[in-house]
Number of protein chains: 2
Amino acid sequence: MLPIDIKHLVDQYIELSFSVNKSGESLVRDQMNDDMTSDQHYTLRYIYQAKSCTPSDLAKRFQVKKSAITAMMNRMWKKGWVQRTRDEKDRRVVYLTLTEAGEALYMKTEEKIHHLVGSILNNFEQEELGQFLSTYQKLHRVLEDINKNK
Amino acid sequence: MLPIDIKHLVDQYIELSFSVNKSGESLVRDQMNDDMTSDQHYTLRYIYQAKSCTPSDLAKRFQVKKSAITAMMNRMWKKGWVQRTRDEKDRRVVYLTLTEAGEALYMKTEEKIHHLVGSILNNFEQEELGQFLSTYQKLHRVLEDINKNK
DNA sequence: ATAAATAGTTCATTTATTTAACTATTAAAC
DNA sequence: GTTTAATAGTTAAATAAATGAACTATTTAT
């Protein structure tokens, strides 16, 4: 596929992914309400899209231990953004859902982020962006595969 | 540039950047020695490439407050990876450099990361990768611009 | 010579994380 | 069916990373 000496391409990718990430995260953080972190927003997003999920789902998605999710849920529960309900059939399982306040906050913040990302992507021609996202998607699959077989 | 309704492109980008990041970080972490974190490796990398830098340089690059750098340097100094020396001309300034142990550890870890990233990028044709990196680079510049004017 | 700016540190607090030990519940083995 | 395994989640102690405010030391500007 690639030539033998791909060192400079690897260097470039490492440098770019680091920088783009750092700047991107910084801009995303600017859209947040003062009492929320980006991790918390991503968590709200996951629960919102799933409508309801378990701590184990979150742990898998965010690639952290379940105890980290417990701690995160405690913080977000204290702020009144999430609810916990036990499964009646399997009493071990906990279902996480957003409260009205949690959903409202998510929607508000997500709208700002969409606006931000939209204004960034607006700097690209549709074809260039499509090509980029297609390769990005492929990269995603490659990483998933590696992570699966480990 | 883009059509009016770019909502799904924005969604796709948000989803992909989150996922690729999470999986990528997870794989990078796997290359690390048990007594080091990825943040610490990125810090070693910056100092190595700069040969010598100040806490302020690091704070700017990593977009954190200087006190965060002090704490990071304390941790890394305890492990014997970095040295601090005062500027003789301007006694306020501190120069950070890697110790031999720090450099050796950096080299060892960076080699593993290069190998990993190489094996990932190897899944792409040279042209596709080149196009991808070119757009990524442009994205980087766009983000830099936004971050500059804020 | 005094005031303002800069470089860095300290300290208290918060968030996010891991590991190990634990509770409660369900599923499997025999 | 009862004992054993596995699963879902929590608790608690420890560490890393970050912020913000107050502080020291030094240099630059007025």
Side-chain angles (χ1 to χ4, degrees), chain A residues 18 21-22 25-26 28-30 32-47 50 52-79 81-97, chain B residues 18 21-22 25-26 28-30 32-47 50 52-79 81-97:
Chain A
F18 179 81
N21 234 33
K22 269 274 162 359
E25 260 313 296
S26 165
V28 164
R29 223 180 309 120
D30 293 344
M32 307 276 150
N33 211 313
D34 264 357
D35 62 341
M36 95 183 307
T37 66
S38 14
D39 277 321
Q40 288 169 357
H41 178 74
Y42 297 146
T43 307
L44 290 182
R45 179 189 289 149
Y46 185 90
I47 303 176
S52 164
C53 71
T54 66
S56 295
D57 294 336
L58 275 172
K60 193 176 174 192
R61 175 62 171 136
F62 289 82
Q63 303 194 56
V64 297
K65 295 284 174 285
K66 287 184 291 180
S67 56
I69 302 297
T70 302
M72 175 77 82
M73 286 306 112
N74 285 341
R75 289 186 293 269
M76 294 175 70
W77 176 84
K78 267 187 215 158
K79 302 194 192 198
W81 300 339
V82 293
Q83 273 176 329
R84 285 189 248 227
T85 51
R86 284 267 168 202
D87 184 329
E88 288 302 321
K89 294 248 173 82
D90 186 341
R91 306 274 310 150
R92 291 170 302 182
V93 176
V94 164
Y95 292 121
L96 304 166
T97 50
Chain B
F18 179 82
N21 235 34
K22 268 273 164 354
E25 260 313 298
S26 166
V28 165
R29 223 179 311 119
D30 292 345
M32 305 278 150
N33 212 312
D34 264 355
D35 62 341
M36 95 182 308
T37 66
S38 14
D39 277 321
Q40 288 168 1
H41 178 74
Y42 297 146
T43 307
L44 289 182
R45 180 189 290 150
Y46 185 91
I47 302 176
S52 165
C53 71
T54 66
S56 294
D57 294 336
L58 275 173
K60 192 176 175 193
R61 175 61 172 138
F62 289 81
Q63 303 194 56
V64 297
K65 296 283 174 285
K66 286 184 293 179
S67 56
I69 302 298
T70 302
M72 176 76 83
M73 286 306 112
N74 285 341
R75 287 188 293 269
M76 295 175 70
W77 177 83
K78 266 187 216 158
K79 302 193 192 199
W81 300 340
V82 294
Q83 272 175 330
R84 284 189 249 227
T85 50
R86 285 268 167 199
D87 184 328
E88 287 304 321
K89 293 249 173 79
D90 185 342
R91 305 274 310 149
R92 290 171 302 183
V93 177
V94 164
Y95 291 120
L96 304 166
T97 50

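Proteins come first, then strands; the chains are lettered A, B, ... in the order of their sequence lines, and each starts at number 1. Not measured: the values here are computed from a predicted model.
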Check your understanding: What nucleotide among dG9(D), dA7(C), dA18(D) has an atom nearest to a side-chain atom of Lys66(A)?
Key -> dG9(D)

Practice item. Determine: side-chain N/O of Gln40(A) to OP1/OP2 of dA16(C), distance under 4.0 Å, yes or no. Key: yes

Point to revise | Nearest-angstrom distance from the residue atom CG of Asp35(B) to C1' of dT17(C) | key: 17 Å

Check your understanding: Within the structure, does a side-chain N or O atom of Ser67(B) lie under 4.0 Å from either OP1 or OP2 of dG20(D)?
Key -> no

Point to revise | Closest-nucleotide 5' rank along DNA chain C - winner of Lys79(A) and Asp57(B) | key: Asp57(B)

Check your understanding: Counting side-chain heavy atoms from CB outward, which of dA7(C), dA16(C), dT10(D) is closest to Arg75(A)?
Key -> dA16(C)

Exercise for review: State whether Thr37(B) places a side-chain N or O below 4.0 Å from either non-bridging phosphate oxygen (OP1 or OP2) of dA17(D).
Suggested key: yes

Practice item. Round to a whole Å and report the spacing from CE of Met72(A) to P of dA17(D). Key: 17 Å

Check your understanding: Can you tell me how far C1' of dT13(C) sits from NZ of Lys65(B), to the nearest Å?
Key -> 16 Å

Revision key, fill the gap. Rounded to whole Å, the CG-C1' distance (Asp34(A) to dT13(C)) equals 16 Å

**Study point:** From dT18(C), dT10(D), dG8(C), nucleotide with atom closest to Pro55(B) side chain
**Key:** dG8(C)

**Study point:** Whole-Å distance separating the CG atom of Asp90(A) from the P atom of dA6(D)
**Key:** 17 Å

Review point. Any side-chain N or O of Arg92(B) less than 4.0 Å from the OP1 or OP2 oxygen of dA5(C)?
Key: no

Check your understanding: To the side chain of Val93(B), which of dA18(D), dG8(C), dT17(C) is closest?
Key -> dG8(C)

